[in-house]
**Student:** 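Once you've had a glance at the structure underneath, I'll fire off some questions.
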There are 2 protein chains.
Amino acid sequence: MSNDLRGLNDLDRLIHEPARLLIVTILSTAASADFLFLQREAGLTKGNLSAHLSKLEEAGYVKIEKTFKGKLPLTVCKLTAKGQKAYTAYRQQMQAFMDKTS
Amino acid sequence: MSNDLRGLNDLDRLIHEPARLLIVTILSTAASADFLFLQREAGLTKGNLSAHLSKLEEAGYVKIEKTFKGKLPLTVCKLTAKGQKAYTAYRQQMQAFMDKTS
DNA sequence: CAAACTAGTTTGCAACGCAAACTATATTCG
DNA sequence: CGAATATAGTTTGCGTTGCAAACTAGTTTG
C-alpha cells in the first residue's frame with residue numbers, strides 16, 4: 001500500500017476541464033479544425049467554446065486564426081507544440097493513475 | 001473517425017475534481033479512513049480536506065462519523081454504496097475515453 | 001496559568017463554467 | 001429599398017468553486 005497517488009494533485013487544470021479535454025483531444029487528431037466543426041464535435045455552445053478556446057490560446061496551447069470563408073468569418077484552431085506536450089503529459093498522468101488503481 | 005467523445009461532458013464533476021478523486025480512490029481501497037490519514041495520504045491541507053469531505057458527504061458519497069480517540073476528536077470516513085458506484089462509473093467513463101483516444 | 005499542540009471548521013476572495021444576451025456582417029423576402 | 005432572418009462568433013451576469021489563511025475548541029506541556 002501507501003500507493004503514491006498524489007500526482008493527481010498536479011494535473012494540468014486547463015486540460016483537466018472536460019470541455020477543454022475534449023477540444024484538445026479533437027485538435028490532437030485533426031491538425032486543424034474550424035470553430036463550427038469543433039462546436040459540433042464537442043457538443044458545446046458557441047459561447048462556451050469561445051471562452052474555452054480563449055483560455056487555451058492564452059495558455060499558448062492553441063493557435064487561433066481568424067480569416068474568412070467567402071464573406072463569412074472563419075476561425076481556425078491548431079494545437080501548438082506546447083499544447084500537444086501538455087496533452088500528452090496529462091494523458092500519461094491520468095493513465096498512470098488508472099493503472100495504479102486498477 | 002467522428003469518434004464519440006462527448007461522454008466527457010457528463011463526467012461526475014464531484015469526483016472529477018482531483019483532490020476528491022484522490023480521496024475517493026483512497027477510501028475505495030481502505031474501507032474506512034480517519035481524517036489525518038486521509039490528509040497525509042492525499043497531501044491536502046486540513047481546511048481543504050474538510051471542505052472536500054463535506055461536499056462528498058452532502059452528495060451522499062461518503063459517510064462521516066465524529067467520535068473520539070481517547071480525548072481527541074476522531075473523524076472517520078467511509079465510502080457509501082452510492083459513492084462506490086459513482087467512483088466506478090467515473091473510472092469506466094475515463095478509461096473509455098483513454099481507450100478511444102489511445 | 002499561559003503557551004503550544006491537536007484536530008478539525010469557517011471565511012474571504014479571485015477564478016471558473018455556463019447560459020443568456022449581444023455584436024457584426026450577410027442574405028432573403030415583401 | 002428596408003425589415004426580418006441567419007451566420008459566426010464574443011461578452012456579460014452570476015452562482016459556484018477551490019484554495020489559503022484565519023479561526024475554534026479542547027488538551028497537554030512547561
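Lettering follows sequence order; numbering is per chain, from 1.
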**Student:** Checking A/R40 now: which residues fulfil salt bridge (charged side-chain N to carboxylate O under 4.0 Å, His left out) with it, not counting sequence neighbours?
**Tutor:**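 Here no residue qualifies.
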**Student:** Any side-chain N or O of A/R13 below 4.0 angstrom from OP1/OP2 of C/dA15?
**Tutor:**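 No, no such contact exists.
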**Student:** Find the distance A/K69:NZ to C/dT27:P and express it as a whole number of Å.
**Tutor:**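 In whole Å, C/dT27 P lies 13 Å from A/K69 NZ.
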**Student:** State whether A/E17 and B/R13 are salt-bridged, where the test is any N-O pair (Lys NZ or Arg NE/NH1/NH2 against Asp/Glu carboxylate O) under 4.0 Å.
**Tutor:**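 Salt bridge: yes.
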**Student:** Output the rounded distance in Å from CG (B/L72) to P (D/dT29).
**Tutor:**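 My rounded result for the distance is 11 Å.
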**Student:** Separation of A/L49 atom CG from D/dG9 atom P, in whole Å?
**Tutor:**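 Going from CG in A/L49 over to P in D/dG9 covers 9 Å.
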**Student:** Which part of the nucleic acid, if any, lies within contact of B/L74, taking any heavy atom under 4.0 Å across all strands shown: a base, the sugar-phosphate backbone alone, or nothing?
**Tutor:**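 Sugar-phosphate contact only.
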**Student:** Pairing check on D/dT7: which nucleotide meets the Watson-Crick or G-U wobble criteria with it, both distances under 3.5 Å?
**Tutor:**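 Base partner found: C/dA24.
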**Student:** How many Å lie between NZ on A/K71 and P on D/dG9, as a whole number?
**Tutor:**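 About 17 Å, once rounded to whole Å.
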**Student:** Need to verify one output field. Residue with the more 5' nearest nucleotide on DNA chain C, A/E17 or B/L36?
**Tutor:**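 By nearest-heavy-atom nucleotide position, the 5'-most residue is B/L36.
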**Student:** Residues two or more places apart in sequence or in another chain: which of them pass side-chain hydrogen bond (donor to acceptor under 3.5 Å, both in side chains) with A/Q93?
**Tutor:**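 Expected list: none.
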**Student:** Between A/T75 and D/dG9, is there a side-chain N or O to OP1/OP2 distance below 4.0 Å?
**Tutor:**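 True: A/T75 side-chain N/O within range (under 4.0 Å) of D/dG9 OP1/OP2.
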**Student:** I want to verify a distance call: between D/dT17, D/dA8, C/dT9, whose nearest atom is closest to the B/K55 side chain?
**Tutor:**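 Closest of the options to the side chain of B/K55: D/dT17.
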**Student:** Kindly indicate whether a cation-pi arrangement holds for A/R91 with B/F97, taking the cut-offs as under 6.0 Å to the six-membered ring centre and within 45° of the axis.
**Tutor:**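 Judged by the rule, A/R91 and B/F97 form a cation-pi pair.
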**Student:** Atom CG of B/D10 and atom C1' of C/dC18: how far apart are they, to the nearest Å?
**Tutor:**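 Checked: the CG to C1' distance equals 15 Å.
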**Student:** Of A/R20 and B/S50, whose closest DNA chain C nucleotide lies nearer the 5' terminus?
**Tutor:**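 Its nucleotide being nearer the 5' end, the pick is B/S50.
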**Student:** Mind calculating the distance between CD1 (B/I15) and P (D/dG18) to the nearest angstrom?
**Tutor:**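 So the two atoms are 13 Å apart, to the nearest Å.
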**Student:** With nearest nucleotide decided by heavy atoms, which residue, A/L53 or A/N9, maps closer to the 5′ end of DNA chain D?
**Tutor:**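 Final value for this comparison: A/L53.
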**Student:** Hey, does the side chain of A/K66 come within less than 4.0 Å of D/dA8's phosphate (OP1/OP2), counting only N and O?
**Tutor:**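 Checking A/K66 against D/dA8: no side-chain N or O falls below 4.0 Å of OP1 or OP2.
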**Student:** What's the closest nucleotide to the A/K46 side chain, out of D/dT10, C/dG8, C/dC18?
**Tutor:**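 Nearest to the side chain of A/K46 among the choices is D/dT10.
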**Student:** Quickly work out the A/L14 CG to D/dT17 C1' distance and round it to whole Å.
**Tutor:**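 So the two atoms are 16 Å apart, to the nearest Å.
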**Student:** Would you kindly confirm whether B/F35 and B/L72 end up in one hydrophobic cluster when ILVMFWY residues are joined by side chain heavy atoms under 4.5 Å apart?
**Tutor:**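 No; tracing contacts between hydrophobic side chains, which count when under 4.5 Å, never links both residues.
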**Student:** Take atom CD of B/E58 and atom P of D/dT16, then tell me their distance rounded to the nearest Å.
**Tutor:**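 It works out to 11 Å between those atoms.
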**Student:** Would you indicate, yes or no, if D/dT17 has its OP1 or OP2 atom less than 4.0 angstrom from a side-chain nitrogen or oxygen of B/H52?
**Tutor:**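 The answer is no; no side-chain N or O of B/H52 sits under 4.0 Å from OP1 or OP2.
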